[in-house]
Peer 1: 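Handing you this structure, nothing more for now.
Only a predicted model underlies this, so the values are computations on that prediction, with no experimental measurement involved.
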Amino acid sequence: MDLRILLKNLVLSLAIVAATTFLCFRVVPVNSTTAGFAFLLGVLAIATAFGRSEAIFASVVAMLCFNFYFLPPIGRFTIADPQNWIALFAFLATALIASQVSDRGRRQAREAKVRQQETEQLYAVSRFILLAEHSQPVGQLAAQHIAQVFDCPAVAIYDAKSAEIFRGGVEDLPGIEAQLKETAVTGANLSEAAAGLTIVPIFLGGRPVGGLALKNLSLSDGALQALLNLVAIALERVRTEEASSRAEAARQSEEFKSTLLDAIAHEFKTPLTSIKAGSTSLLSDPSLSPQTRELATIIDEEADRLKILVTEAVRMAQIDAGNVRLDRASVDVGDLLRRVMSRFEASADGRELKLTVGDGVQRIHADRELLGLAVRQLVDNALKYSPPGSPIAVSAGSEDHRVVIRVQDRGGGIPERDRERIFEKFQRRAAEKNGVPGTGLGLFIAREIVRAHGGEIAVSSEPGQGSEFRVTLPMDNGILLPGKDGVH
């Protein structure tokens with residue numbers, strides 16, 4: 001407290017005690033008991049209005065006046081009756097205790113007011129950080145808003161991930177970068193009492209992610225911690241917005257890729273249609289020589305193959321972009337698997353392709369092209385990762401009112417560390433990346449198609465024993481239909 005204010009309060013306290021003495025001794029003469037209560041009320045009023053120091057001073061002065069004017073012998077600082085000593089010290093103790101209680105109440109009221117103000121300021125900052133739409137970086141706006149709300153002359157926020165420093169307030173903090181980086185690395189508080197600086201680390205998830213510097217701002221520990229949490233949220237929002245922007249850019253890139261492939265596919269289909277029409281026309285000519293007919297047959301078959309590849313490329317791009325649209329129909333499981341297996345006869349490299357379809361499996365309600373594409377990805381994967389001469393087994397059966405399609409190979413197997421992520425985008429077996437061609441999208445696409453049908457896909461493998469991919473389609477998606485031509 002300012003010395004001049006303290007002296008002023010002491011003079012006023014002395015005046016109150018003097019006025020009480022004059023009133024009780026000269027104007028309306030009263031007995032010692034009434035005078036004691038009057039002095040006590042005056043001390044309580046002083047404690048409430050000014051504080052503890054002034055109340056203690058007033059208590060001592062009131063005790064002396066009470067002794068001099070109201071306890072016999074009157075007019076002397078002595079006490080004749082020993083009982084009056086007890087009354088005198090009881091009055092002094094009561095005055096001191098009352099002043100202490102009153103001062104504590106005033107101090108608690110001041111603290112409550114400060115806490116209320118801090119709460120309102122923190123609410124304003126939190127509302128700004130969490131709800132406001134920002135055209136500038138969130139960290140920069142947070143620093144400026146903190147300086148404005150808390151009336152702080154200088155604020156600096158350091159983001160350790162981006163190594164950026166955001167500043168707010170009317171004053172600058174020269175050379176603060178090194179201190180902020182130090183507190184962000186060590187996680188320890190720094191302070192410069194002479195400069196009025198408080199530098200504290202910002203924690204997120206138990207680790208320091210930045211630092212906060214405040215000039216000439218005194219906050220309670222709870223308020224400071226709450227402010228640090230809000231700043232951490234602001235920095236996390238910066239990263240969230242950046243991740244969202246990257247995700248949106250990636251999504252647009254995927255859409256662009258899908259659109260581009262679709263356009264290219266349409267451009268391919270026109271010449272393929274012409275090639276197909278030409279080859280069909282040649283094959284229908286009975287006068288064609290055997291050699292020319294053989295060439296026309298190859299052209300016709302390869303045109304069909306190119307048309308299928310282009311169509312599949314477009315569907316795979318759509319699936320990769322998260323755009324899976326099912327055209328469901330009644331599909332014969334055995335016929336679907338036989339068609340898939342026939343596609344690999346030329347590329348089997350001498351492997352035996354085994355197909356087994358159980359008696360309980362007849363028709364399902366599914367997208368024929370997409371489900372066939374999913375199974376082709378699994379068979380193609382088995383051919384890529386199994387040695388020449390080893391058989392590939394494909395089977396379909398029913399278990400617990402579900403259709404289960406298995407694709408088994410006799411390759412080297414999938415390491416356990418790769419098994420959990422084998423169906424993710426661009427994930428390939430670590431040991432085979434350099435020796436087997438591919439993009440790492442096949443199993444991801446197969447999983448997305450199966451999920452779109454409401455099914456599940458899993459893999460089991462033993463090192464050196466091969467792998468088994470298992471596709472399960474539940475009954476509530478049209479599995480196990482009664483009769484050959486039934487539709488669920």
Side-chain angles (χ1 to χ4, degrees), residues 113-193 195-253:
K113 186 176 181 180
V114 170
R115 286 195 298 270
Q116 180 183 0
Q117 182 181 7
E118 289 178 343
T119 302
E120 292 173 351
Q121 291 170 327
L122 289 170
Y123 172 75
V125 173
S126 65
R127 183 177 178 83
F128 175 81
I129 290 175
L130 298 176
L131 301 180
E133 294 294 334
H134 309 310
S135 57
Q136 300 181 32
V138 177
Q140 181 65 42
L141 291 174
Q144 295 173 355
H145 200 69
I146 290 171
Q148 178 183 355
V149 170
F150 288 93
D151 195 22
C152 183
V155 177
I157 299 174
Y158 172 65
D159 185 357
K161 185 173 182 179
S162 63
E164 290 184 276
I165 293 182
F166 307 104
R167 300 175 184 271
V170 296
E171 298 183 15
D172 193 15
L173 295 174
I176 197 65
E177 292 87 352
Q179 294 170 298
L180 284 171
K181 291 179 181 178
E182 179 183 352
T183 194
V185 171
T186 61
N189 295 355
L190 301 176
S191 62
E192 293 184 8
L197 275 179
T198 300
I199 306 172
V200 288
I202 301 170
F203 285 90
L204 184 64
R207 59 184 181 84
V209 295
L212 174 65
L214 304 169
K215 184 176 182 179
N216 297 336
L217 179 61
S218 178
L219 294 174
S220 64
D221 292 341
L224 180 59
Q225 188 58 50
L227 180 60
L228 290 172
N229 292 336
L230 290 173
V231 175
I233 292 173
L235 296 181
E236 184 64 17
R237 181 172 177 180
V238 172
R239 285 185 268 277
T240 302
E241 289 178 350
E242 291 175 351
S244 178
S245 299
R246 290 195 297 269
E248 177 63 19
R251 185 187 65 81
Q252 292 177 357
S253 174

Peer 1: Going from OH on Y158 to CD on Q179, what distance comes out if it is rounded to the nearest 0.5 angstrom?
Peer 2: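 So the gap between those two atoms works out to 13.5 Å.
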Peer 1: Just verifying a value: how many Å separate H145 NE2 and Q140 CD, rounded to the nearest 0.5 Å?
Peer 2: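 Those atoms lie 14.0 Å apart.
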Peer 1: Nearest 0.5 angstrom please: D159 CG to I165 CD1, how far?
Peer 2: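 Going from the CG atom of D159 to the CD1 atom of I165 covers 10.5 Å.
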Peer 1: Which heavy atom in A147 sits nearest to a heavy atom in G168, and how many Å separate them?
Peer 2: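 Scanning both residues completely, I find the closest heavy atoms to be CB-C, 3.9 Å.
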Peer 1: Where do I157 and G139 come nearest, in terms of heavy atoms and distance?
Peer 2: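 Closest pair (atom of I157, atom of G139, distance): CD1-O, 4.0 Å.
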Peer 1: Between F166 and A143, what is the shortest heavy-atom contact and its length?
Peer 2: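 In this case the closest contact between F166 and A143 is O-CB, 3.8 Å.
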Peer 1: Rounded to the nearest 0.5 Å, what separation is found between the CG atom of L212 and the CG atom of N189?
Peer 2: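 One gets 10.5 Å once the value is rounded to the nearest 0.5 Å.
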Peer 1: Nearest 0.5 Å, please: how far is CD1 in I176 from CD1 in I199?
Peer 2: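 Going from the CD1 atom of I199 to the CD1 atom of I176 covers 3.5 Å.
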Peer 1: For residues P201 and G187, report the shortest heavy-atom separation together with the two atoms involved.
Peer 2: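 It is CG-O, 3.4 Å.
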Peer 1: Can you name the residues that form a side-chain hydrogen bond (donor to acceptor under 3.5 Å, both in side chains) with E177, not counting sequence neighbours?
Peer 2: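 Counting only residues at least two positions away or on another chain, E177 forms a side-chain hydrogen bond (donor to acceptor under 3.5 Å, both in side chains) with R167.
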Peer 1: Could you tell me whether a side-chain N or O of T119 sits under 3.5 Å from a main-chain N or O of R115, the two making a donor and an acceptor?
Peer 2: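 Confirmed, T119 side chain pairs with R115 backbone.
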Peer 1: What are the two closest non-hydrogen atoms of P208 and F203, and how far apart are they?
Peer 2: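 What the structure gives for the nearest pair is N-CD2, 3.5 Å.
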Peer 1: Taking all heavy atoms of T183 and all of G211, pick out the closest pair and write down the distance.
Peer 2: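 Answer, listing the atom of T183 first, then G211: CG2-CA, 4.1 Å.
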Peer 1: I'd like to know whether L227 forms a side-chain contact (heavy atoms from CB on, under 4.5 Å) with F150, so could you lay out the CA-CA distance, the side-chain angles of the two residues, the decisive distance to 0.1 Å, and finally the verdict.
Peer 2: CA-CA 11 Å; L227 180 60; F150 288 93; 4.1 Å; yes
Peer 1: Let me check something: any side-chain donor-acceptor pairs from residues 214-224 under 3.5 Å, sequence neighbours excluded? List them with distances.
Peer 2:
residue	atom	partner	partner atom	Å
K215	NZ	E171	OE1	2.7
S220	OG	E118	OE1	2.8
S220	OG	A223	N	3.3

